[in-house]
Amino acid sequence: MQKSINGATFRKMVMVANKILDSNQKYIDSLNVFPVPDGDTGKNMSMTFKSASTAVNECANNNFDTLGEALGKGALRGARGNSGVILSQILRGMSNEIILQTELTTKSFAKAMKNGAQMAYKAVTIPKEGTILTVIRVMADVAESSAKKHADFESFFEEVLNAGEQALAQTPELLPVLKAAGVVDAGGRGLLVIFTGLYKGLTSDEDFNFEIKPDDTAIQIQKNEEFHVNYQSLAEIQFGYCTEFMIIQMKPKTTESDIDKLREKLMQIGDCVICIGDLSLVKVHVHTNEPNRALGYALELGEIWNVKIDNMVQQNRELKEKQLKETQNTKPFGLVAVASGKGIADVFKDLGADEVIEGGQTMNPSADDIAKAVDRVPSEHVFVFPNNKNIILAAEQAQNLTKKFIHVIPSVSIPEGISGMLAFNSDGTVEENIEAMKASMENVSSGAVTYAVRKTSIDGLNVEKDDIIGLTDSKIVANGKDINDTTASLVETMISDDKVNITLFYGNDLKEEVANALKETLEKKYPDCEITVINGGQPVYYYLISLE
């Protein structure tokens with residue numbers, strides 16, 4: 001009967017949850033309301049949690065203050081899409097309680113869940129019930145009451161998971177769109193998969209192998225160092241030498257406990273310690289002012305190999321010089337856009353975008369991706385165009401990862417983003433630009449054409465698998481067997497007397513002559529409209545449509 005969780009067990013729980021979530025992401029994707037081929041709730045949650053679990057696995061010790069901080073920051077760095085951002089807030093809220101513990105009891109775990117639920121609700125401007133928010137709230141409430149009755153985690157987790165399943169089963173009753181599609185909330189299911197994984201990691205005797213290859217570790221360390229630079233703002237370096245090496249050919253007297261002792265010695269002479277491996281090979285990374293002592297400790301265990309020592313003080317000087325040069329070449333405002341497809345990216349660049357992040361509906365960039373793009377722009381104030389409703393939350397969370405001022409222009413489509421960017425005035429104020437951009441976006445109608453990945457009945461239409469479907473305002477309004485015919489039907493539902501410009505961005509699965517044939521059809525039907533065809537190069541979507 002498990003009544004407490006130590007750091008090592010918690011690390012294992014996170015690793016097992018990550019593995020189980022990864023293996024179930026396609027199933028979670030299939031629960032997305034719309035039967036489009038880029039349903040990505042499972043993928044976004046998996047990538048977000050993987051970032052958190054990687055950070056936990058890289059921790060130099062099993063102290064909860066270290067593990068909790070890694071869990072929260074790792075989730076934030078990797079947050080993708082609405083589901084991923086909300087998940088990152090749940091984990092960040094939980095981590096704020098976890099870092100205070102020396103061991104976890106059912107009461108402290110319940111309090112962590114309560115913190116997670118509260119932070120997730122705060123992250124959403126207008127919280128909607130029938131989503132992952134409902135599931136975590138119900139689970140947290142039951143966890144709080146269960147912890148008063150049960151000191152053992154087995155009984156505790158069973159009650160919490162049962163409550164989560166019941167809450168998930170009710171999501172179609174709270175959101176009619178779920179009921180019409182015959183699915184439960186995908187984000188809620190993903191959350192339950194994670195907590196099931198945590199429970200399996202606690203109770204299973206299976207030997208899960210999560211050993212990181214040395215080359216992979218080196219890459220992850222490099223990423224962490226880049227992250228530290230952002231947060232420390234190039235402060236003075238306490239430990240000047242980044243020291244990395246491997247220990248091979250262990251001495252006969254060396255034991256597993258000697259590796260643990262080496263880790264403890266390294267932590268006494270530096271920080272950012274990673275010491276992982278077994279009696280066949282140990283990978284070491286440490287920031288220290290005494291690399292000679294680190295190497296000396298290692299020689300007591302075996303032979304040292306592949307030694308790499310970098311002078312971080314000099315690197316810091318160079319980064320400061322670079323940062324100074326960048327600040328001397330700034331402009332008042334910068335522009336960052338998210339786009340999928342070379343043609344569409346080129347349009348944004350022609351409109352003055354400083355950075356175009358590769359991504360969109362088929363691959364939501366993380367908050368960290370957006371923050372890094374913002375940091376590359378030589379401006380203190382940066383306008384970000386997500387161009388997808390599933391990226392807006394990640395863009396807003398990116399503000400926590402940069403010292404610059406991010407102004408998210410809530411564009412939910414490529415046409416809105418283009419229209420908003422056209423309204424940008426470099427001589428205007430932040431407030432004037434935001435107002436002008438939002439007003440400009442209101443004059444745009446957006447549509448998209450793709451194919452259905454499963455049979456469904458939604459929005460009054462019976463859709464068969466592989467049907468061509470036309471979407472606008474998050475609704476399926478046209479379906480058929482022919483791409484151009486369905487697109488023409490979609491345009492017909494979107495057109496109004498005040499629309500005089502129709503722009504067709506055709507994707508990488510269509511040839512130019514097919515798009516031009518559609519243009520001719522629309523020109524005959526709408527002779528008063530100016531119709532433009534652009535090679536967008538976007539994946540999955542045959543056409544992205546703009547009406548102004």
Side-chain angles (χ1 to χ4, degrees), residues 34-40 337-348 350-351 356 358-363 385 387-391 411-419 441 443-453 458-459 461 463-496 499-526 529-548:
F34 290 109
V36 294
D38 54 12
D40 53 6
V338 179
S340 180
K342 184 180 183 302
I344 294 174
D346 289 343
V347 170
F348 279 108
D350 291 341
L351 292 176
V356 178
E358 178 66 25
Q361 187 66 14
T362 54
M363 172 55 77
F385 295 80
N387 300 330
N388 187 291
K389 65 180 181 180
N390 206 32
I391 302 175
S411 53
V412 299
S413 66
I414 294 296
E416 283 194 7
I418 291 173
S419 181
M441 292 192 304
N443 296 322
V444 180
S445 296
S446 304
V449 179
T450 184
Y451 61 94
V453 295
I458 190 169
D459 298 330
L461 294 175
V463 178
E464 299 292 330
K465 185 178 182 294
D466 296 326
D467 269 5
I468 307 302
I469 51 177
L471 304 98
T472 184
D473 295 329
S474 299
K475 294 182 179 180
I476 300 176
V477 298
N479 67 306
K481 303 298 181 183
D482 182 84
I483 296 173
N484 279 1
D485 289 347
T486 304
T487 306
S489 298
L490 173 61
V491 172
E492 185 175 359
T493 67
M494 299 169 60
I495 201 74
S496 59
K499 304 300 182 185
V500 295
N501 293 302
I502 302 175
T503 304
L504 304 170
F505 296 92
Y506 65 92
N508 59 10
D509 289 332
L510 285 185
K511 294 183 179 180
E512 184 178 4
E513 51 263 35
V514 175
N516 285 332
L518 175 60
K519 177 184 178 183
E520 292 177 6
T521 299
L522 296 177
E523 284 175 337
K524 293 177 182 178
K525 193 169 184 178
Y526 309 108
C529 290
E530 180 72 25
I531 300 175
T532 306
V533 171
I534 297 175
N535 181 1
Q538 71 273 6
V540 177
Y541 286 85
Y542 300 118
Y543 290 106
L544 297 177
I545 305 166
S546 171
L547 272 66
E548 295 183 88

Task: Phe385 side chain reached by Ile418 side chain, heavy atoms, under 4.5 Å - done: no

- [ ] State, to 0.1 Å, how close Ala339 and Val356 come at their nearest heavy-atom pair, and which atoms those are.
- [x] CB-CG1, 3.8 Å

Open item on the list: Could you walk me through whether Leu504 and Ile534 satisfy the side-chain contact (heavy atoms from CB on, under 4.5 Å) test, starting with their C-alpha distance in whole Å, then the side-chain angles of each, then the deciding distance to 0.1 Å, before giving a yes or no?
Closed with: CA-CA 6 Å; Leu504 304 170; Ile534 297 175; over 6 Å; no

TODO: First locate atom CG of Asn508, then atom CG of Asn535, and finally report the distance between them rounded to the nearest 0.5 Å.
DONE: 8.5 Å

Task: Within 6.0 angstrom of Glu512 CD, more than 12 heavy atoms from elsewhere - done: no

TODO: Please check if the side chain of Glu548 supplies one atom and the backbone of Ser419 the other of a donor-acceptor pair under 3.5 Å.
DONE: no

- [ ] Could you tell me the separation between the CG atom of Leu544 and the CG atom of Leu471, rounded to the nearest 0.5 Å?
- [x] 10.5 Å

Task: Heavy-atom side-chain contact between Asp482 and Ile468 under 4.5 Å - done: no

- [ ] Just do the side-chain contact (heavy atoms from CB on, under 4.5 Å) check on Val491 and Tyr526 with the steps written out, would you?
- [x] CA-CA 10 Å; Val491 172; Tyr526 309 108; 3.9 Å; yes

Task: Lys525 side chain reached by Thr521 side chain, heavy atoms, under 4.5 Å - done: no

- [ ] State which residue, out of Ser413, Ser340, Ser411, fulfils the side chain to side chain contact (heavy atoms under 4.5 Å, CB included) condition with Asn387.
- [x] Ser411

Open item on the list: Can you tell me if Asn501 has over 12 outside heavy atoms packed within less than 6.0 Å of its CG?
Closed with: yes

TODO: Kindly compute the distance separating CD1 (Ile531) from NZ (Lys519), expressed to the nearest 0.5 Å.
DONE: 7.5 Å

TODO: State, with a plain yes or no, whether a side-chain heavy atom of Asn390 is found less than 4.5 Å away from one of Asp40.
DONE: yes

Open item on the list: As a quick check of understanding, evaluate side-chain hydrogen bond (donor to acceptor under 3.5 Å, both in side chains) for Asn484 and Tyr542, giving each step before the final call.
Closed with: CA-CA 9 Å; Asn484 279 1; Tyr542 300 118; over 6 Å; no

Task: Side-chain touch Tyr451/Asp467, heavy atoms, less than 4.5 angstrom - done: no

Task: CG-CD distance between Leu522 and Glu492, expressed to the nearest 0.5 angstrom - done: 10.5 Å

Open item on the list: Which heavy atom of Ile495 sits nearest to which heavy atom of Cys529, and what is that distance?
Closed with: CD1-SG, 4.3 Å

- [ ] Identify the two heavy atoms, one from Val533 and one from Ala515, that lie closest to each other, and give their separation to 0.1 Å.
- [x] CG1-CB, 3.8 Å

Open item on the list: Assess the residue pair Asn388 and Val338 against the criterion (side-chain contact (heavy atoms from CB on, under 4.5 Å)); give the C-alpha distance rounded to whole Å, side-chain angles, the decisive distance to 0.1 Å, and a yes or no.
Closed with: CA-CA 8 Å; Asn388 187 291; Val338 179; over 6 Å; no

Open item on the list: Can you confirm whether more than 12 heavy atoms, excluding those of Glu530, are under 6.0 Å from its CD atom?
Closed with: no

Task: Partners meeting side chain to side chain contact (heavy atoms under 4.5 Å, CB included) with Leu461 (sequence neighbours left out) - done: Val463, Ile476, Asn479

Open item on the list: Do Ile414 and Val347 have side chains that approach each other closer than 4.5 Å (heavy atoms only, starting at C-beta)?
Closed with: no

Open item on the list: Measuring from atom OG of Ser546 to atom CD1 of Ile502, what distance do you get when rounded to the nearest 0.5 angstrom?
Closed with: 9.5 Å

- [ ] Starting at OH of Tyr543, measure out to CD1 of Ile483 and round the result to the nearest 0.5 Å.
- [x] 7.0 Å

Task: For Gly417 against Phe348, the heavy-atom pair lying closest together - done: C-CE2, 3.7 Å

Open item on the list: Side chains of Ile469 and Thr450, heavy atoms from C-beta outward: is any pair under 4.5 Å?
Closed with: yes

Task: Lys481 atom NZ, neighbour heavy-atom count above 12 within 6.0 Å - done: yes

TODO: Kindly say whether Pro415 contributes a backbone atom to a donor-acceptor pair with the side chain of Ser446 at under 3.5 angstrom?
DONE: no

Open item on the list: With a 4.5 Å cut-off on side-chain heavy atoms, are Met494 and Lys499 touching?
Closed with: no

Open item on the list: The test is side-chain contact (heavy atoms from CB on, under 4.5 Å); show your working for Tyr506 and Val514 and say whether it passes.
Closed with: CA-CA 9 Å; Tyr506 65 92; Val514 175; over 6 Å; no

